[in-house]
Undergrad: 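Would you mind keeping the following structure in view while I ask a few things?
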2 protein chains.
Amino acid sequence: MARQSADARREQLVEAAIRVMIRDGVAKATTRAIVGEAGLPLGAFHYCFRSKQELLHSVIERIMLGSVAIPLGPVEEGAAAPDLIRSTLYTYWDLIRERPEEHQLTYELAQFALREPGLADVARRQYRHYLQVNVDHLQAVAERAGIRWATDITVLARFGLNFLDGLTLNWLIDRDDAQALSALDAYAEYLDGQIAR
Amino acid sequence: MARQSADARREQLVEAAIRVMIRDGVAKATTRAIVGEAGLPLGAFHYCFRSKQELLHSVIERIMLGSVAIPLGPVEEGAAAPDLIRSTLYTYWDLIRERPEEHQLTYELAQFALREPGLADVARRQYRHYLQVNVDHLQAVAERAGIRWATDITVLARFGLNFLDGLTLNWLIDRDDAQALSALDAYAEYLDGQIAR
DNA sequence: GTCTATAGGAAGATAGAC
DNA sequence: GTCTATCTTCCTATAGAC
């Protein structure tokens, strides 16, 4: 096999690991399955990573970094707040529906991380990051629409983060689009009600 | 070892399995760990269960059946709706805080079930059950407080289920009591707003 | 039904030739 | 750095004595 930098190999293995995890679940992502997916010999694993735990660390960090920053989307400045709220919620929801397996993986990895002493903190940082993304997002909506939120923005962000997390988890299990959309609309209406008048 | 009915042994193993899963996670609940926890010899496993998968099926069903039906608690007939709403939400939250590991296990098992073709349906039934519990609960609150809900009760139930699920998951990761309570209060206020006038 | 012993394989990790 | 061969451990499951 052609010589490559160790970093390139690591990349290759991390990506292969993520593919395996998405397809078969975290539990099935053995070193053998991963190197097989990457088309590398088994021995390659341990001169790229000291241990499987080290690879998992890399995988988790990669997933977090690449994780959904809800895009505001191409909405014109000065749009009405309710429209802005709905357009961003639907954008988020489309992301979930487009790549459900990826999001399922984030939940699996968070659970997994909680069980590994060295990884629990990564999960905590992930959720702090998610919260911050939501805070920023609510702020951006308020600025673009020229409104203020009636409730403390951090509380609002946590409320929304939790609802969307639960919605996603529930949908990953029952795949009931209609019910999910109804709940999403209820949340949109809740946000409408949180616009300070 | 004294002779016991096969059913009693099965019970014993299911309970041991749950203890191991709560303590060490689903992945670590090997047949050896389970029989060890139950104080039984390894061979006991396979004349109680055809396979490990069969045990997992029993474990999941047990967990679902025993899972939280939010108790309405000792609230007097005719109590004000907002009080009733808060008292039941706090009761739920106390349940979570009392036994976090048990609830973490339900999430782990749901994820696990999604990856096993034969078990995915159990997870679906579980969530249907949760939804029904929430519907019944909202109905009971309305009856006791003598109010009507302004929104379709199924939508309201799903919204609440999803929020509480996300809240729990988030708290299991960051254990931030203050933030969780703020979000819970925000949800209580949302429900106040859903009382038809 | 109960238990010991063991089969048979897959896991993570390493040794050592190239 | 790269790869094959192998070590050790742990897994699920079974065979067969009692």
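A note on names: the letters A, B, ... follow the listed sequences, proteins ahead of strands, and every chain is numbered from 1.
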Undergrad: Does Asp165(B) use its side chain to pair, donor to acceptor, with the backbone of Gly166(A) at less than 3.5 Å?
TA: no
Undergrad: Tell me the interatomic distance from Tyr47(B), atom OH, to dA15(D), atom P, rounded to whole angstroms.
TA: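 In whole Å, dA15(D) P and Tyr47(B) OH are 17 Å from each other.
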Undergrad: For Ala16(A), is there any backbone N or O sitting under 3.5 Å from a side-chain donor or acceptor partner on Glu37(A)?
TA: no
Undergrad: Verify the distance criterion only: is there a donor paired with an acceptor across the side chains of Tyr127(A) and Asp176(B) at less than 3.5 Å?
TA: no
Undergrad: I'd like to compare against my own output: the B/S/- annotation of nucleotides 11-18 of chain C with a strict under-4.0 Å heavy-atom distance to protein.
TA: BBBB----
Undergrad: Taking the side chain as everything from C-beta on, heavy atoms only, tell me whether Thr168(B) gets closer than 4.5 Å to Tyr107(B).
TA: yes
Undergrad: According to the ring pair (Phe, Tyr, Trp, His ring centres under 6.0 Å) rule, which pairs have a member within residues 170-197 of chain A, sequence neighbours left out?
TA: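 For residues 170-197 of chain A: Trp93(A)-Trp171(A), Phe159(A)-Tyr190(A), Phe163(A)-Tyr187(A), Tyr190(A)-Tyr190(B).
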Undergrad: Could you tell me whether a side-chain N or O of Trp149(B) sits under 3.5 Å from a main-chain N or O of Leu138(B), the two making a donor and an acceptor?
TA: yes
Undergrad: CZ of Arg10(B) versus P of dG1(C): gap in Å, rounded?
TA: 11 Å
Undergrad: Round to the nearest Å and state the distance from Leu56(B) atom CG to dC11(D) atom P.
TA: 14 Å
Undergrad: Find out whether Arg97(A) and Arg175(A) are in side-chain contact, i.e. whether some heavy atom of one side chain is under 4.5 Å from a heavy atom of the other.
TA: no
Undergrad: Reckon Ala6(B) touches a base, only the sugar-phosphate, or nothing at all at heavy-atom distances under 4.0 Å?
TA: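 Touches sugar-phosphate only.
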Undergrad: Taking Glu15(B) as the fixed residue, which of Arg10(B), Arg9(B), Arg62(B) is the one that meets the salt bridge (charged side-chain N to carboxylate O under 4.0 Å, His left out) rule?
TA: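 With Glu15(B) as partner, Arg10(B), Arg9(B), Arg62(B) yield a single salt bridge (charged side-chain N to carboxylate O under 4.0 Å, His left out), made by Arg62(B).
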Undergrad: To the nearest 10°, let me know how far the axis at one end of the helix from dG1(C)-dC18(D) to dC18(C)-dG1(D) is tilted from the axis at the other, five pairs an end.
TA: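 One end axis against the other gives 10°.
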